[in-house]
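Notes follow the structure.
Just so it is clear, the structure is predicted and the values come from calculations on it, not from any experiment. Sequential numbering from 1 along the given sequence is applied to the chain's residues. Scope of the values below: all heavy atoms of this structure, side chains included, with no hydrogens, waters or symmetry mates.
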Amino acid sequence: MNAQKLSKRLETVASFVPTGAVVADIGSDHAYLPCYLVHKGIAARAVAGEVVKGPYDSAVRQVRTEGLSEKITVRLADGLAAVEEADGITAITIAGMGGPLIVSILEKHPQALKNVTRLILQPNIHAKAIREWALEHGWALQDEVILQEDGKVYEVLVLQRGSMDLNEAQTLLGPKLMNTKSAVFVEKWSREVANWQRVQQAISNAEQTDENKAKFDELTHLIALVQGAIA
């Protein structure tokens with residue numbers, strides 16, 4: 001992977017960035033994504049934010065090597081603290097983290113979202129946390145994609161300002177992903193159901209405490225929810 005050829009998951013993230021956007025890529029690592037977006041004429045300008053010194057230095061070198069120092073600013077900062085009002089950021093990308101961590105980044109510096117109209121978020125796990133956050137903070141799902149790369153499953157969630165209603169199954173699984181029911185989606189949740197059933201078996205063989213019973217019942221509910229969605 002490099003600034004000209006992204007991984008499948010980052011290419012998917014890039015595909016949802018509006019043309020002419022001013023992008024902040026948070027947790028940018030080598031800044032491949034913002035460099036790609038500017039090279040392709042998708043992003044007008046970009047900020048690459050990185051909280052760790054090593055990846056920050058790598059991003060600075062990459063931007064300089066690509067000859068994009070005038071269009072991409074690299075900042076060493078904690079999450080959305082990398083975004084300044086003068087940047088005029090209109091879209092934010094956060095990829096390669098767990099859903100709860102992405103949510104904590106969005107919540108820590110909410111003022112950075114003031115002029116942002118689109119969020120493209122790629123959680124490695126627990127996408128549900130992002131859907132819950134969106135419901136509470138006035139963001140609606142514009143699109144969702146689930147994909148597999150190198151044996152790992154990723155989801156990409158595209159949010160725009162607006163309201164939406166999601167039921168329990170949609171919050172867990174994703175309304176658009178439920179409708180599409182791709183092979184990757186069905187495989188992922190079939191594996192999850194099998195894991196939950198193994199946990200239930202272990203609980204059945206353990207001491208029958210109130211806590212164990214509550215966990216068993218919770219898993220029974222989730223299994224029924226998922227099996228109903230992927231049937």
Side-chain angles (χ1 to χ4, degrees), residues 10 12-38 42-60 62-63 68-144 155-166 171 174:
L10 286 184
T12 303
V13 170
S15 72
F16 289 109
V17 175
T19 301
V22 182
V23 180
D25 182 41
I26 306 302
S28 198
D29 201 8
H30 288 78
Y32 288 148
L33 179 56
C35 287
Y36 175 91
L37 292 170
V38 173
I42 298 169
R45 291 178 289 107
V47 170
E50 183 53 65
V51 71
V52 180
K53 185 67 164 61
Y56 163 79
D57 290 337
S58 296
V60 170
Q62 189 66 45
V63 170
L68 296 175
S69 297
E70 291 187 4
K71 290 196 171 183
I72 299 177
T73 302
V74 184
R75 294 197 181 111
L76 183 64
D78 180 16
L80 293 181
V83 175
E84 298 177 1
E85 190 167 353
D87 297 327
I89 298 298
T90 60
I92 288 176
T93 56
I94 309 177
M97 307 176 199
L101 178 55
I102 290 175
V103 166
S104 72
I105 288 170
L106 295 170
E107 290 183 336
K108 194 167 185 181
H109 300 282
Q111 72 281 359
L113 300 176
K114 189 169 75 169
N115 299 313
V116 174
T117 57
R118 179 168 289 195
L119 301 172
I120 305 114
L121 310 172
Q122 183 268 294
N124 291 347
I125 56 172
H126 302 313
K128 176 189 175 188
I130 293 173
R131 296 188 191 98
E132 290 173 334
W133 175 86
L135 282 166
E136 293 172 10
H137 291 84
W139 292 85
L141 279 163
Q142 181 80 5
D143 213 336
E144 299 177 295
E155 291 181 40
V156 177
L157 280 62
V158 184
L159 301 176
Q160 302 225 147
R161 292 191 182 275
S163 60
M164 63 176 174
D165 293 312
L166 299 179
T171 305

Note to self: The criterion is side-chain contact (heavy atoms from CB on, under 4.5 Å); which residues satisfy it with Arg45, sequence neighbours excluded?
What the structure shows: Val22

Next item on the list: For His126, enumerate each residue passing the ring-ring contact (aromatic ring centres under 6.0 Å, His included) test, keeping only those at least two apart in sequence or located in another chain.
Entry: none

Margin query: For His137 versus Trp133, what's the shortest heavy-atom pair and its separation?
Written below: ND1-O, 2.9 Å

Notebook entry, point to check: So which pairs with a foot in residues 46-56 pass salt bridge (Lys or Arg N to Asp or Glu O under 4.0 Å), sequence neighbours left out?
Noted result: Lys53-Asp57

Notebook entry, point to check: Does the side chain to side chain contact (heavy atoms under 4.5 Å, CB included) test come out yes or no for Thr73 and Asp87, once each step is laid out?
Noted result: CA-CA 9 Å; Thr73 302; Asp87 297 327; 5.7 Å; no

Item checked: Close side-chain approach of Pro55 to His30, heavy-atom, < 4.5 Å -> no

Item checked: CA sep, side-chain torsions, deciding dist, call: Asn124, Met97, side chain to side chain contact (heavy atoms under 4.5 Å, CB included) -> CA-CA 6 Å; Asn124 291 347; Met97 307 176 199; 5.8 Å; no

Next item on the list: Would you name the heavy atoms of Ala59 and Ala31 that are closest together and state the gap between them?
Entry: CB-CB, 3.8 Å

Notebook entry, point to check: Is Arg131 salt-bridged to Glu136, cutoff N-O under 4.0 Å?
Noted result: no

Check: Could you give all pairs that pass the side-chain hydrogen bond (donor to acceptor under 3.5 Å, both in side chains) test and reach residues 14-29, with sequence neighbours left out?
Finding: Asp25-Ser28, Asp25-Thr93

Next item on the list: Measure the CZ-CD distance between Phe16 and Gln122 for me, rounded to the nearest 0.5 Å.
Entry: 12.0 Å

Notebook entry, point to check: Nearest heavy-atom pair of Leu121 and Pro123: which atoms, and what distance?
Noted result: O-CD, 3.3 Å

Using distance only, find each side-chain donor-acceptor pair of residues 99-112 under 3.5 Å and give its atom names and separation, not counting sequence neighbours.
from, atom 1, to, atom 2, distance (Å)
Ser104, OG, Leu101, O, 2.7
Lys108, NZ, Asp78, OD2, 2.5

Next item on the list: Can you measure from CD1 (Ile92) to CG (Leu119) and round to the nearest 0.5 angstrom?
Entry: 6.0 Å

Next item on the list: Could you tell me which residues satisfy salt bridge (Lys or Arg N to Asp or Glu O under 4.0 Å) with Glu70, sequence neighbours excluded, listed by chain and number?
Entry: none

Checklist line | For Lys128, salt bridge (Lys or Arg N to Asp or Glu O under 4.0 Å) partners two or more places apart | finding: Glu132

Item checked: Gap separating the OG1 atom of Thr12 from the CG atom of Asp143, nearest 0.5 angstrom -> 11.0 Å

Item checked: Partners passing side-chain contact (heavy atoms from CB on, under 4.5 Å) against Ala43 (at least two apart in sequence or in another chain) -> Val23, Leu37, Val38

Checklist line | Heavy-atom pair with the smallest gap, counting every atom of Ala14 and Leu33 | finding: CB-CD1, 3.8 Å

Checklist line | Pairing residues for Thr90 by the side chain to side chain donor-acceptor pair (under 3.5 Å) criterion, not counting sequence neighbours | finding: none

Next item on the list: Quick one: list whatever passes side chain to side chain donor-acceptor pair (under 3.5 Å) with Gln142, sequence neighbours left out.
Entry: none

Side-chain donor/acceptor pairs under 3.5 Å, residues 156-166, sequence neighbours excluded:
from, atom 1, to, atom 2, distance (Å)
Gln160, OE1, Arg118, NE, 2.6
Gln160, OE1, Arg118, NH2, 2.6
Arg161, NE, Val116, O, 2.9
Arg161, NH2, Leu113, O, 2.4
Arg161, NH2, Val116, O, 3.3

